[in-house]
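Worksheet for the structure shown next.
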Amino acid sequence: MEGHTYHFYQLEREIQERLREALKREFALALDQEEIPVEVPPNPEFGDLSSPLPLKLAKTLRQNPLAIAEKLQAILLKERPAYAKTITVTAPGYINFFLDFVALTRGLFDAVAVEKEKYGEVKVGKGKKVVIEHTNINPNKAAHIGHLRNACLGDTLARLKRRLGYEVEVQNYIDDTGAAVADIVVGLYHLERECPRGVPFDSFCWDLYTQVNQLYEENPPLKEKQREVLHQIEEGDNEVAQLAKKVAGKIVDHHLDIMWRLGVYYNLLTWESDILKLGFWEYAFEQLKGEGSLVYEEEGPNAGCWVVKLGDLEEFKDLENPDKVLVRSNGTATYTAKDIAYQMWKFGVLGKDFFYDRHGLQPNGTVLWTTTPDGNKMERFGRADEVINVIDLRQKYLQDVLRFSLYKLGFEKEAANSIHFGYEVVALSANTARELGVEVKEGEKEVYAMSGRQGIGVKAGVLVERMVKKATVEVAKRHPEMSPEEHRKLAQDIAIGAIRYYMIKYNINSVIVFDFNEALNMQGNTGPYLQYAYARAANILGKVEPEILEEIDLRDVSIPAELTSEERELIRRMAEFPATLGKAAQLLQPPILAEYTFNLASTFMNFYEAVPVLNAEPPLMRFRIALLLAFRQTLGNALNTLGMPAPARM
RNA sequence: GCGCCAGUAGCUCAGCAGGAUAGAGCACUUCCCUCCUAAGGAAGGGGCCGGGGGUUCGAAUCCCUUCUGGCGCACCA
């Protein structure tokens, strides 16, 4: 653990630890640190931090909680926790801690000065590798806002994990051999549809996909063509398979364009066709046959199939048929089977590897790699200690099957380190559904599911365009002195921030009811609000005389004994950052960081309104400039972790 | 039928390893730019935290039950 941050991160832990020790000494009671509650009290007269521990223990100790509180207080007063200035007791049994803000601020300034853009990081994941798979859009049509939620959450998880010190490898899985791509091939090859000039290929396919699916219903024999195409794709080495590969490739490039635009980057594209070609499953099958957990059914509903028996596991015991078929009676593998082999590869326990090649350079300067049928051998991909699959909650059952099958097949450790990051889908509000031409009956439903097949959904590109357009208008209004080029650049940053924040701020297990009015909003609890706080701080700092700015050093600026309440709030929020970042990363909860960042920005807005910086007396001004420097760094680090640009002007 | 998730202000949502008066944002009403950018701030109205039981000194938070909504339970991907 690193010096300064460690010390700092310990603010609450320190108090917990001292309480724990006092409890042990006075009452001979041993509790774990986590069992000792420490919270922020609702009222400043109860201090800066507070513990209801005596209330909790009143029963077990059979004593008046107030008496317990006073005994603990007496001990703590003799050996004060770091940063605690005074310790009081209030009814019915709280111990309150008033912080020494001079010492606290010193600690904060030191940490920020030393760590800079790394301030907030707690390196608990050092030496471990995590593979995060996200985005995974069917390469047969334009990306929609549901895919955006996936990518934004996945990318934020990657950023969080990096901040914990993990080696992070982001993979984007491309199902280029499935029915979805086949439908497009049916449209292009058999129905001879063509993409008109000037229409982006992914948008064209969005409509084509809907049309083909509609035709399947009107003209069932056409469905035969789909089967034929799927067969040809699997065979490979023919015109149709080449067309499918070309379609998928073009669409993937569209998907990458929009994701890159939003600041989402990857390390590796993994293609389903390569998994098939290399026979990942067949290879795994040969190994697993002898294991005994993969059984061949002689009779019953699954006669002739190879299955994994999951019925003796708690999670599956109530199911009608808890066994999972991996190999059908006709000898072909199910999707789950391929997924098991693929998951084994991610952990480096398959014993077989892909071939690789460069896909290209990403706008952030990193190389995106791809699996290929005939590339190079490389050691660097996969071989993870932990695997996170970012997939919506509708696939929870399948992800459970995957994990427990791994467990049953002898990969206990890998099963334990397989994490399904499940999040709820994005649906449409009645207003937005109506706007898209969906028939909305008055007072019937408030939420409308998106549907790729029916072409109901908001394309990611459409959302980005509308957001950029709106932001451009706002920017132009405020900055007539800027060039159109500058307007566009700034509007782009604001749009990215708005969209990413919108996609991340909601609890992951609640459905986002997408509404254009709300998504395009730039006031209140939105991305631009957070960015505006950053711009305002940067703006003040930009007005400080360069000589003055030059000589202010966070490590030795003098800190006033008396602070305003706005200053104290701001300091406390900034001091919380490492603990909150760590919590969000360890619980895999981007919304925790989003909420913190909003509160940090909001605390700054209060400071901004109430506390003059440039008009303050020189010694105070220096301190407040230092405060702004620390704030700009802290908010900047938070925004960066959320993948949001931090503009210096807005 | 079984399982998972959600139900908190008019709307969208925080809070849920129990703690002091339930918080934001939007919308609405009223203020604040001779003062570092008003994408901001201040004030106000608005709540049987779905219903009913229980555990506890204390429940939006834990347990049981019930209602409502969403999703899932293939030899589909």
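In what follows, chains are A, B, ... by sequence order, proteins preceding strands, each numbered from 1. The shown structure was predicted, so the numbers you read here are calculated from the model rather than taken from an experiment.
You'll find that the side chain of A:Asn525 is closest to B:rG25, out of B:rA39, B:rG25, B:rA74. Comparing atom distances between the A:Asn606 side chain and each of B:rG41, B:rA39, B:rC73 picks out B:rG41 as nearest. Candidate nucleotides B:rA39, B:rC71, B:rC13 were compared by shortest atom distance to the side chain of A:Ser510, and B:rC13 ranks first. When the nucleotides B:rG72, B:rC75, B:rU56 are ranked by their closest atom to the side chain of A:Lys59, B:rU56 comes out on top. Candidate nucleotides B:rA6, B:rG15, B:rA77 were compared by shortest atom distance to the side chain of A:Tyr335, and B:rA77 ranks first. Picking from B:rG40, B:rG19, B:rC71 the nucleotide with the shortest atom distance to the side chain of A:Tyr94 gives B:rG19. Comparing B:rC26, B:rA39, B:rU12 by their closest approach to the side chain of A:Glu518 singles out B:rU12. Distances were taken from every side-chain heavy atom of A:Tyr608 (C-beta onward) to each of B:rC36, B:rA14, B:rC75; the shortest belongs to B:rC36. Counting only heavy atoms from C-beta on, A:Glu595 has its side chain closest to B:rA14 among B:rC26, B:rA14, B:rC36. Looking at the side chain of A:Glu39, the nearest of the listed nucleotides B:rA20, B:rC13, B:rC5 is B:rA20.
Judged by the 6.0 Å distance and 45° axis criteria, A:Lys289 is positioned over the aromatic ring of A:Phe285. A cation-pi geometry, defined here as NZ or CZ lying under 6.0 Å from the six-membered ring centre and within 45° of its normal, does not hold between A:Arg453 and A:Tyr209.
Taking the C1' atom of each, B:rG46 and B:rG23 are spaced 14 Å apart, rounded to whole Å. Annotation: B:rA24 and B:rG40 have their P atoms spaced 16 Å apart (nearest Å). B:rG47 and B:rC11 have their P atoms separated by 12 Å, given to the nearest Å. Of the P atoms belonging to B:rC13 and B:rU8, the separation is 9 Å, rounded to the nearest Å. Comparing B:rA6 with B:rC64, their P atoms sit 14 Å apart, to the nearest whole Å. Taking atom C1' in both B:rC67 and B:rC26, the straight-line distance is 30 Å, to the nearest Å. When the C1' atom is used for both B:rA14 and B:rC4, the distance is 22 Å, rounded to whole Å.
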Could you walk me through whether A:Asp400 and A:Arg403 pass the salt bridge (charged side-chain N to carboxylate O under 4.0 Å, His left out) check? CA-CA 5 Å; A:Asp400 283 345; A:Arg403 195 170 63 253; 3.3 Å; yes
Quick one, A:Arg466 with A:Glu435, criterion salt bridge (charged side-chain N to carboxylate O under 4.0 Å, His left out). Give me CA distance, side-chain angles, the key distance, then yes/no. CA-CA 14 Å; A:Arg466 283 178 68 162; A:Glu435 200 181 320; 2.9 Å; yes
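In B:rC33 the O4'-C1'-N dihedral to the base is within 90° of 0, which defines a syn nucleotide. Annotated as anti: B:rA27, whose O4'-C1'-N torsion sits more than 90° from 0.
One N or O donor and one acceptor, one from the side chain of A:Ser50 and one from the base of B:rA20, sit under 3.5 Å apart. At a cut-off of 3.5 angstrom, counting only N and O atoms as typed in the model, there is no donor on one side facing an acceptor on the other between the side-chain of A:Thr334 and the base of B:rA77. For a distance-only test at 3.5 Å, the side chain of A:Ser329 qualifies as a donor-acceptor partner of the base of B:rC75. On a pure distance criterion of 3.5 Å, a polar donor-acceptor pair joins the side chain of A:Asn96 and the base of B:rA20. The base of B:rU21 sits with one of its N or O atoms less than 3.5 Å from a complementary donor or acceptor on the side chain of A:Asn43.
An OP1 or OP2 oxygen of B:rC36 is reached within less than 4.0 angstrom by no side-chain nitrogen or oxygen of A:Arg536. An OP1 or OP2 oxygen of B:rG15 is reached within less than 4.0 angstrom by a side-chain nitrogen or oxygen of A:Asn507.
Checked by atom type, the side-chain pair A:Tyr342/A:Thr270 shows a donor-acceptor distance below 3.5 Å. Between the side chains of A:Asn521 and A:Tyr502, no donor N or O sits under 3.5 Å from an acceptor N or O.
One can place CG of A:Asn521 at 9 Å from P of B:rG40, the figure rounded to the nearest angstrom.
Across the strands present, B:rC11 finds its partner in B:rG25; the criterion is a Watson-Crick or G-U wobble pair with both atom distances under 3.5 angstrom. Both distances falling under 3.5 Å, in either a Watson-Crick or a G-U wobble arrangement, place B:rC4 opposite B:rG70.
Comment: A:Glu474 does not engage A:Lys470 in a salt bridge, judged by the lack of any side-chain N to carboxylate O separation of less than 4.0 angstrom.
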